[in-house]
Amino acid sequence: MPSHPPDPPGAVPIKGAPLAAELKADIAARAERLTAGGHQPVMVAVVGSSDGAVRSYAESKARAAAKLGIALRLVEMEDGTDQASLEHVLTGLSEDPAIHGIMLELPLDARFDENRAIACLDPAKDVDGLTPINLGLIAAGREAEALAPATPLACIRLAETQGALRGRPVAVIGRGRTVGRALIPMLINRDATVTVCHTRTRDLGAALAAAEIVFVAAGRPGLLTASLVRPGQIVIDAGINPTETGIVGDADPAIAAVVQAFTPVPGGVGPLTSTLIFDNLLRAMALQGIPGAAP
């Protein structure tokens with residue numbers, strides 16, 4: 001029988017688990033040293049949502065923290081608590097020297113004002129990098145002095161597995177607070193040449209054509225279709241969209257037949273993001289002057 005040529009290789013999946021495993025080992029070792037020196041890392045997750053998924057996610061972080069030698073406790077705002085109560089809790093945690101990191105789990109219930117709540121966080125304990133001070137430091141090119149959001153950090157680290165970012169044309173689809181607003185200046189800080197796109201960009205395909213790496217974080221499942229990408233591109237998908245069939249990203253899985261490499265959802269950005277939160281906690285301790293916290 002005549003032989004047939006092998007099927008062409010598909011896009012390379014860029015998975016977050018290997019990098020996360022390396023980082024977890026480092027975090028656990030550093031946390032053990034800090035605890036031996038009398039400074040066990042302590043973090044608090046504040047839940048102000050009636051959505052069970054938000055609480056479940058916070059509980060999963062607590063389980064992950066325990067495996068790393070980090071103490072993480074949950075503070076839940078009961079039904080009926082008001083903005084003043086939430087702000088009182090956040091201010092108290094920020095002023096408590098025994099607490100090294102604070103996570104305000106988003107989204108909050110509609111009765112809460114997220115901006116006012118975030119403003120109560122001590123920037124040096126803001127392990128999610130949500131405060132205007134941390135975002136401002138990043139935008140000012142002073143990222144080393146800031147706590148950067150974990151999801152943009154994960155996007156960058158996964159992209160860097162495919163080569164340095166310096167000088168490369170990249171595109172970011174999305175301008176939201178949790179990813180795009182921080183990711184854009186973080187890429188600039190690494191000397192990438194950045195094109196900014198969003199859901200109102202008129203000709204998305206044309207805007208993406210020159211990019212070697214496409215970061216997508218717009219919160220729209222299937223927004224990035226195969227017709228919008230080209231061979232040779234790398235896609236970093238930070239979308240997390242719950243559907244009836246499970247979690248999906250912002251990129252249509254069909255892009256795998258076109259691009260060079262991509263982060264799958266789930267399994268790509270997510271595992272590294274959840275680990276970088278704890279790395280941020282140890283960075284926060286260093287910013288607070290805790291002895292032995294600096295890497």
Side-chain angles (χ1 to χ4, degrees), residues 8-34 41 43 57 59-70 72 101 103 127-129 143 147-166 168 170 172 178-179 182-183 186-187 189-190 192 211-217 224 229 231-241 246-253 255-284 295:
V12 175
I14 308 169
K15 297 186 178 181
L19 286 182
E22 293 178 12
L23 186 57
K24 284 176 183 177
D26 177 66
I27 291 169
R30 290 159 62 196
E32 183 178 16
R33 289 195 298 269
L34 282 163
M43 183 159 56
Y57 185 46
E59 290 173 340
S60 71
K61 289 178 184 174
R63 292 191 293 271
K67 294 177 182 179
L68 298 173
I70 291 169
L72 191 157
M103 290 184 298
V127 293
D128 275 327
E143 193 175 324
L147 290 172
T151 300
L153 278 172
C155 289
I156 286 172
R157 298 225 183 153
L158 291 170
E160 287 176 335
T161 65
Q162 307 300 302
L165 293 172
R166 176 172 291 178
R168 297 182 81 172
V170 306
V172 177
T178 56
V179 185
L183 178 58
M186 289 168 70
L187 290 166
N189 291 344
R190 288 157 178 79
E212 294 181 11
I213 305 174
V214 177
F215 298 87
V216 56
L224 186 65
V229 294
Q233 285 181 321
I234 296 161
V235 174
I236 307 296
D237 186 355
I240 302 177
N241 304 293
I247 300 295
V248 301
D250 287 354
D252 188 318
I255 65 165
V258 181
V259 301
Q260 173 182 315
F262 71 104
T263 54
V265 179
V269 173
L272 187 54
T273 293
S274 58
T275 303
L276 282 164
I277 287 287
F278 301 115
D279 189 58
N280 266 359
L281 172 64
L282 301 190
R283 289 198 69 249

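Please read all numbers here as calculations on a predicted model, not as lab measurements. Any value given below was found using the heavy atoms of this structure, including those in side chains, with hydrogens, waters and symmetry copies removed.
For the pair P152 and C155, the minimum side-chain heavy-atom distance is 4.5 Å or more. A 4.5 Å side-chain heavy-atom check between Q162 and V12 finds every atom pair outside the cut-off. You'll find the side chain of I156 reaches within 4.5 Å of the side chain of M186, heavy atoms only. Put simply, the side chain of T275 reaches to within 4.5 Å of the side chain of L23, judged on heavy atoms. Contact of the L158 side chain with the V269 side chain is registered, since non-hydrogen atoms from C-beta on lie closer than 4.5 Å. The side-chain heavy atoms of L224 and D250, taken from C-beta on, include no pair separated by under 4.5 Å. Residues L187 and V172 have side chains in contact (heavy-atom distance under 4.5 Å, counting atoms from C-beta outward). Side chains of L72 and M103 form a contact here, defined as non-hydrogen atoms less than 4.5 Å apart.
Separation of atoms CZ (R168) and CZ (R190) is listed at 14.5 Å; rounding is to 0.5 Å. T273 contributes atom OG1, which lies 8.5 Å from atom CG of L153 (distance to the nearest 0.5 angstrom). With rounding to the nearest 0.5 angstrom, the CD1 atom of I213 is 10.0 Å from the CD atom of Q233. For the atom pair CZ (R63) and CG (L68), the distance works out to 13.5 Å, reported to the nearest 0.5 Å. In this structure, CG in D237 is found 11.0 Å from CD1 in I14, a value given to the nearest 0.5 Å. Interatomic distance, T151 OG1 to D128 CG, rounded to the nearest 0.5 Å: 8.0 Å.
Residue P41 comes nearest to L34 through the heavy atom pair CG-CD1, 4.1 Å, listed as atom of the first residue, atom of the second, then distance. Across K61 and F278, no two heavy atoms sit closer than the pair O-CZ, 3.4 Å. Taking each heavy atom of N241 and G249 in turn, the nearest pair found is ND2-O, 3.2 Å. The nearest pair of heavy atoms linking A217 to A238 is CB-CB, 3.9 Å. Here the shortest heavy-atom pairing between P271 and S274 reads O-OG, 3.0 Å. When all heavy atoms of L272 and G16 are compared, the pair lying nearest together is CB-O, 4.3 Å.
In this structure, R166 does not pair ionically with E160, as no charged nitrogen and carboxylate oxygen lie closer than 4.0 Å.
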Stepwise salt bridge (charged side-chain N to carboxylate O under 4.0 Å, His left out) test for R283 and D279: CA-CA 6 Å; R283 289 198 69 249; D279 189 58; 5.7 Å; no
Test side-chain contact (heavy atoms from CB on, under 4.5 Å) applied to I234 and F262, step by step: CA-CA 6 Å; I234 296 161; F262 71 104; over 6 Å; no
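With hydrogens and angles disregarded, a donor-acceptor distance shorter than 3.5 Å links the side chain of N280 to the backbone of A148.
Within a 6.0 Å radius of CG in L165, other residues, nucleotides and ligands contribute more than 12 heavy atoms.
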